[in-house]
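What you see below is based on every heavy atom in this structure, not just the backbone, and it leaves out hydrogens, waters and symmetry mates. To find a chain, count down the sequence lines: A is the first, B the second, and so on, and within it residues start at 1.
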4 protein chains.
Amino acid sequence: MPTKVAPDPSRRSETARRAILAAALDLVGKVGYAKLTIEGIAQAAGVGKQTIYRWWPSKGPLFFDAFLTLAGDGEAAALPDTGDLAADLKLVLSATVDELNDLGFDQTMRALHTEIVHDPNLAADYATRLDGPMRELKKERLRSAQRAGQLAEDVDLDVAVDLIWGPVLNRWLHRTAPLTSDYACQVVDTALRGLQPR
Amino acid sequence: MPTKVAPDPSRRSETARRAILAAALDLVGKVGYAKLTIEGIAQAAGVGKQTIYRWWPSKGPLFFDAFLTLAGDGEAAALPDTGDLAADLKLVLSATVDELNDLGFDQTMRALHTEIVHDPNLAADYATRLDGPMRELKKERLRSAQRAGQLAEDVDLDVAVDLIWGPVLNRWLHRTAPLTSDYACQVVDTALRGLQPR
Amino acid sequence: MPTKVAPDPSRRSETARRAILAAALDLVGKVGYAKLTIEGIAQAAGVGKQTIYRWWPSKGPLFFDAFLTLAGDGEAAALPDTGDLAADLKLVLSATVDELNDLGFDQTMRALHTEIVHDPNLAADYATRLDGPMRELKKERLRSAQRAGQLAEDVDLDVAVDLIWGPVLNRWLHRTAPLTSDYACQVVDTALRGLQPR
Amino acid sequence: MPTKVAPDPSRRSETARRAILAAALDLVGKVGYAKLTIEGIAQAAGVGKQTIYRWWPSKGPLFFDAFLTLAGDGEAAALPDTGDLAADLKLVLSATVDELNDLGFDQTMRALHTEIVHDPNLAADYATRLDGPMRELKKERLRSAQRAGQLAEDVDLDVAVDLIWGPVLNRWLHRTAPLTSDYACQVVDTALRGLQPR
DNA sequence: CCGTAAACGAGACGGTACGTCCAGTCTTCTC
DNA sequence: GAGAAGACTGGACGTACCGTCTCGTTTACGG
């Protein structure tokens, strides 16, 4: 006996859907995630609140959806492969650092991160839709490096990816110290070379 | 012309302070951080709301304070140093993994993490009061390893710490995959050896 | 340039119409007039909301229509005429009192009354379709009494009707005191005899 | 185990209370009772909605309270007593007719009436606070008439009051016909003389 | 030892947003 | 083309907390 009947997606208004997602993303940039409200989104999108509640359970998944739909599409660019693994990684990681230092992007990404951290469902969704594909590209570049003899054969590529990108993400999140390209390069070098003496 | 006079800390009721901090920490475990409210804390602590607002600006710093005061005391234990760096790191990191897999601790830590991520002031406070001392202990162990010839002399110890602890924290936060001791050990081995072939 | 074209009554579905009226009357008895909603009626009648809005402007007239159509038909019974005016009036008025004391009927009648009070159009409709015919029957009985010499020749029959039925209606509406047959009889006696000493 | 604790009336803000009552009465005159909303009242009174809900359960009792408090005070004037009962009653009833024909007052009174009709608690309250005292004044005038030999000794005064005022109220409510002073006079004459021939 | 000033508990206040319900309109698909 | 179904904008509902603001009531210090 379901109390709440699921709405029929085939009748869904695409206009309203896009207006809502766009308004959500727009407002996060303007007022920040903490002050983002369903009411505000509805108003900005010219939509009744019920239309939001009909399709999303709450602010988190809505924002998440907005991000993935509007910001996440067409992310399929492969990592550069010049033959020099260290240089390529430094380039990519520096670009990431620059993005994260952009104030608008920073705010949006922190909001996204928080939702992921608190909602396992969103985390799974994120893993499938964004992190998974990105990680595959990263691993592809590392596999290429293995073929070129620049990466040990027996390294677990997931661990390798974590080793390179993890520290940067953490420094960004916790603001332990300023997040710079230099730091990114240091991480790459250290990860590649290892901590032990050689 | 200050409209708001600062309260006199010397007259502060220690009873009320501890009751508030205890109630805050207790409630986070019970209802989760999202449903933690000042009103709820006040009621649970048997305290007027004003008494909370007099001493803390908002929920975040209050919870942060509660965590540091009640959970963070007596953290001063040095890392084990058996002479085998890899083994010691694996031991410590596995213990961390176990803690993070504890449901109550997990929830509290995620709340703490979120506050840090969103409030630079708290991030600074956290760096000073918790992360700083811990990091110093970690670096101390690494310095010892350098003296023992188990760690390259020219490695930046901050980067080293990030390389070892960062991946574990990230996997915990994003739930990319189950967080296990095995993973922790893999990270330690890979970080020490480096990604390049030797 | 009328935006809204009137629907063609000849194509109207009699099935839907009756289902709607029946559902409306049924629901009033179940949930009360205040909680009666167009949406609820549509659902109970197995009818689209638009079908209701096509034929009725709002809840009030719809309910009014429902009442007149389903409860008001066949009201054409003349008042008893045994030759004893007082006895006949007491009989009729006591019956009315009993009806009004019936809980279901009471609720429905109060709803009807409220609509009439607030909407002059409905009041006119009511006067034409229900109150008018009823009043005519009452006056007919009074005219008969005049012919029998039981009622003064120069009495305005409308005023007479008001004098007899008005007090009962008011006591019912305002619940000044319990509505009983005794009261009805007292009203009849007093109205017939007059307030002045004789 | 009461879920909802009663608020402490001694801490109640008299300012807010009066602002709310005034706003309610004011808005009824402006937008009508049907479009009177708690939200509107709160806004007009410069008050939080909770402050309304803290002290009144819903729109009905609030409006009722507003009417009694602001319009009902100082109603203690006795009915005129010139010695001529019929004349005095006609005067009073004509004044009532005039009031009821005033558009603003009409709307407010209909709203009040509806609330009384639908809520027995309000009916009781009304009987105690407004109708009771008024009725007592009316009966006092009638008693005086009895002493003067203008009213039969054995007439039930409550019934007498109903006989005189009831018809006017009904005609006003149902708009059976225009409500005029003439009608009021007719009612008085007929009630006094009685319907029977003399 | 007592007056007094600050912190305290309690909780009412003006607000904001919540999530729900329903009004009345619009759209789509069926009979 | 009327009707069923139901998604849409809009707006009020009643609730939960926010952060501010009195209230009396302790509490502890200085005269």
In Å and rounded to the nearest 0.5 Å, what is the [atom1] to [atom2] distance from [X] to [Y]?
X         : Y         : atom1 : atom2 : answer
Met109(C) : Leu173(C) : CE    : CG    : 9.0 Å
Leu36(B)  : Ile41(B)  : CG    : CD1   : 4.0 Å
Tyr33(C)  : Leu112(C) : OH    : CG    : 9.0 Å
Thr114(C) : Glu115(D) : OG1   : CD    : 9.0 Å

| message | Minimum heavy-atom separation for Ala123(C) and His174(D), please, with both atom names. | response |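 It is CB-O, 3.8 Å.
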
| If every non-hydrogen atom of Thr51(C) is compared with every non-hydrogen atom of Ala16(C), which pair is closest and at what distance? |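 Reported closest heavy-atom pair: CG2-CB, 4.3 Å.
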
Between [N] and [X], is there an OP1 or OP2 to side-chain N/O distance shorter than 4.0 Å?
X        : N       : answer
Trp56(B) : dG19(F) : no
Arg12(A) : dA7(F)  : no
Arg54(B) : dA7(E)  : no
Trp55(C) : dG3(F)  : yes
Ser58(B) : dG19(F) : no

In whole angstroms, how far is the [atom2] atom of [N] from the [atom1] atom of [X]?
X        : N       : atom1 : atom2 : answer
Lys59(C) : dA23(E) : NZ    : C1'   : 11 Å
Asp8(A)  : dT27(E) : CG    : P     : 17 Å
Leu62(B) : dC18(F) : CG    : P     : 11 Å
Ile52(D) : dC13(F) : CD1   : P     : 9 Å
Gln43(D) : dA12(F) : CD    : C1'   : 12 Å

| query | In terms of side-chain heavy atoms of Tyr53(D), which of dA7(F), dT15(F), dA4(F) is nearest? | reply |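 Per side-chain heavy atoms of Tyr53(D), the pick is dT15(F).
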
| Hey, what's the ring geometry for Tyr126(C) with Phe64(C), parallel, tilted or perpendicular (30° and 60° as the breaks)? |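 Perpendicular, since the angle between the ring planes exceeds 60°.
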
| Between Lys49(A) and Ala45(D), which is nearer to the 5' end of DNA chain E once each is assigned its nearest nucleotide? |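 Its nearest nucleotide being more 5', the pick is Ala45(D).
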
| query | Pick the nucleotide of DNA chain E nearest each of Gly48(D) and Gly40(A); which residue has the one closer to the 5' end? | reply |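 The residue mapped nearer the 5' terminus is Gly48(D).
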
| request: Spell out, as yes or no, whether a donor-acceptor pair under 3.5 Å connects the side chain of Lys35(B) to the backbone of Lys30(B). | output: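 Absent.
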
| field | Check: Arg175(D) side chain, Val117(C) main-chain N or O, donor-acceptor pair, under 3.5 Å | value |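 Present.
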
| said: I want to confirm an ordering. Mapping Glu14(C) and Thr51(A) to their closest nucleotides on DNA chain F, which one lands closer to the 5' end? | reply: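 With Glu14(C) and Thr51(A) compared, the 5'-side residue is Glu14(C).
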
For nucleotides 22-25 of chain F, tabulate all protein N/O to nucleotide N/O atom pairs closer than 3.5 Å, reporting atom names and distance.
| from | atom 1 | to | atom 2 | distance (Å) |
| --- | --- | --- | --- | --- |
| dC23(F) | O2 | Arg11(D) | NH2 | 3.0 |

| Going by number, which of residues 24-39 of chain A have a non-hydrogen atom under 4.0 Å from DNA chain E? |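 By residue number: Thr37(A), Ile38(A), Glu39(A).
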
